[in-house]
Amino acid sequence: MSGYVPIERHFTATAFVSVRGHTLLIWHRKLRMWLPPGGHCEPNEDPIQAAIREAEEEAGVTVKIIPPHDFPHIDGVNIKPPPAVMGVFDIDTPGEPLHQHIDFVYYTRPHSPRKVDFEAPVPAGEHRWVDTAALKTPFSLPAPDGTLVAVAEDVRVLGMRAIAATDGS
C-alpha cells in the first residue's frame with residue numbers, strides 16, 4: 001500500500017458513572033469536551049481495571065462494572081464482562097500528532113450509591129451530574145470559561161443507556 005501512513009493508536013477505557021437517574025460528566029481540559037471519567041490503560045492493566053481506576057481518580061468514586069444481563073458466571077473461569085461499546089476516536093490536539101483512542105466504554109455504578117453527593121467536588125474539577133431528561137435532546141454545558149460547549153452525541157446517547165443500565169442493577 002503505497003502512501004499508507006499508519007496512525008498511532010492508544011487503548012483507553014471509559015466509565016460512565018451513573019446513580020439515581022444521573023450520569024457524571026467531567027470537563028476534559030485538554031480535549032475541551034464534556035466526557036465521562038476515562039483515560040489511557042496503563043501497562044499490564046486490562047480495560048476494566050483502567051475504567052475502575054479512572055473513575056476513582058477523576059470522580060473520587062469506587063465503582064463496579066455493570067455486566068450485560070445475560071453475562072455468564074462460570075466457576076473456575078476468569079471471564080470479564082465486555083464493554084458496552086468500543087469506540088475509535090481521532091484525537092487531534094495542539095502540540096501532539098494526530099492519533100486514535102480505541103476506547104472500551106463501560107457502564108458503572110458506585111459501590112455506595114447512597115453516599116454519592118451530586119453537589120460535592122470531584123478530583124477532576126469541573127463536572128456535572130446530568131439526568132435522562134437533559135440527555136434526551138442535544139444540549140450544551142458551560143466550560144469553565146463560560147463558553148457553551150455542546151455535549152457530543154455519543155456521550156449523550158451512551159449516557160442515557162448507562163443510566164438505564166443502572167436502573168436494573
Side-chain angles (χ1 to χ4, degrees), residues 11-42 45-71 73 80-89 91 101-169:
F11 289 102
T12 59
T14 293
F16 273 90
V17 179
S18 302
V19 62
R20 300 193 314 265
H22 293 75
T23 199
L24 178 65
L25 299 181
I26 294 172
W27 177 250
H28 193 291
R29 290 180 295 274
K30 194 172 183 182
L31 296 177
R32 299 198 44 77
M33 298 176 68
W34 288 98
L35 297 170
H40 288 82
C41 295
E42 298 291 334
E45 184 177 56
D46 70 44
I48 290 175
Q49 292 168 321
I52 291 169
R53 177 184 50 76
E54 290 288 348
E56 188 160 1
E57 286 177 4
E58 294 184 3
V61 177
T62 303
V63 298
K64 72 179 231 173
I65 301 292
I66 301 170
H69 293 295
D70 59 351
F71 184 71
H73 295 279
K80 305 284 187 182
V85 298
M86 283 177 52
V88 179
F89 301 98
I91 307 298
H101 285 176
I102 300 174
D103 193 30
F104 297 81
V105 180
Y106 294 94
Y107 301 151
T108 73
R109 73 169 182 80
H111 277 288
S112 303
R114 291 192 188 334
K115 291 185 180 179
V116 173
D117 177 358
F118 293 143
E119 303 301 318
V122 301
E126 193 72 27
H127 71 286
R128 299 285 189 280
W129 286 94
V130 294
D131 62 16
T132 304
L135 293 165
K136 283 188 178 177
T137 57
F139 70 106
S140 297
L141 291 171
D145 67 3
T147 306
L148 283 178
V149 176
V151 173
E153 182 72 3
D154 61 313
V155 171
R156 201 175 61 72
V157 170
L158 294 174
M160 285 188 293
R161 290 176 176 236
I163 292 169
T166 61
D167 288 345
S169 64

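These numbers come from a predicted model, not from an experiment.
- Annotation for Ala55 and Ala15: closest pair CB-CB, 4.0 Å, computed over non-hydrogen atoms.
- For the pair Leu35 and Thr14, the minimum side-chain heavy-atom distance is 4.5 Å or more.
- The closest donor-acceptor contact from the side chain of Glu126 to the backbone of Ala143 lies at 3.5 Å or more, if one exists at all.
- For the atom pair CD1 (Ile65) and CZ (Arg109), the distance works out to 11.5 Å, reported to the nearest 0.5 Å.
- Smallest separation of non-hydrogen atoms from Asp46 and Ile48: OD1-N, 2.9 Å.
- Nearest heavy atom pair, residue His40 against residue His101, reads NE2-NE2, 3.4 Å.
- With a 4.5 Å cut-off on side-chain heavy atoms, Ser140 and Trp34 do not count as touching.
- Annotation: the span from Phe71 atom CZ to His73 atom NE2 amounts to 6.0 Å, rounded to 0.5 Å.
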**Report entry** Full working for side-chain contact (heavy atoms from CB on, under 4.5 Å) between Ile52 and Glu45
**Finding:** CA-CA 11 Å; Ile52 291 169; Glu45 184 177 56; over 6 Å; no

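- Within the 4.5 Å cutoff, the side chain of Val155 has heavy atoms near those of the Pro36 side chain.
- Summarising the local packing, CZ of Phe89 is surrounded by more than 12 heavy atoms from other residues, nucleotides or ligands at distances under 6.0 Å.
- The distance from atom CD of Glu42 to atom CD of Gln49, rounded to the nearest 0.5 Å, is 11.0 Å.
- Looking at residues two or more places apart in sequence or on another chain, you find a ring pair (Phe, Tyr, Trp, His ring centres under 6.0 Å) between His22 and Phe118.
- By the 4.5 Å heavy-atom criterion applied to side chains, Met86 and Ile102 are counted as neighbours.
- The NZ atom of Lys80 lies 9.5 Å from the OH atom of Tyr106; values are rounded to the nearest 0.5 Å.
- Counting all heavy atoms, side chain and backbone alike, Val19 lies closest to Trp129 at CG1-CZ3, 3.8 Å.
- The pair Glu56-Arg53 fails the salt-bridge criterion, with no side-chain N (NZ, NE, NH1 or NH2) lying under 4.0 Å from an Asp/Glu carboxylate O.
- For the pair Ile163 and Ser18, the tightest heavy-atom approach, listed with the atom from each and the gap, is N-OG, 3.8 Å.
- Contact annotation: the side chain of Pro142 approaches that of Leu148 to within less than 4.5 Å [non-hydrogen atoms, C-beta and beyond].
- At least one side-chain heavy atom of Ile66 sits under 4.5 Å from a side-chain heavy atom of Thr166.
- For Lys115, the side-chain contact (heavy atoms from CB on, under 4.5 Å) test picks out Ser112, with sequence neighbours left out.
- The backbone N or O of Val116 lies less than 3.5 Å from a partner atom in the side chain of Arg20, making a donor-acceptor pair.
- Scanning both residues, Lys64 and His111, for their nearest heavy atoms gives CB-CE1, 3.7 Å.
- Atom OG1 of residue Thr12 and atom CD1 of residue Ile91 lie 7.5 Å apart, to the nearest 0.5 angstrom.
- Looking only at distances, a side-chain donor or acceptor of Arg156 sits under 3.5 Å from a matching main-chain atom of Leu135.
- Summarising the geometry, atom CZ belonging to Phe16 is positioned 10.0 Å from atom CG belonging to Leu24; distances are rounded to the nearest 0.5 Å.
- Inter-residue side-chain proximity for Thr23 and Tyr107 is flagged as unmet; no heavy-atom pair is nearer than 4.5 Å.
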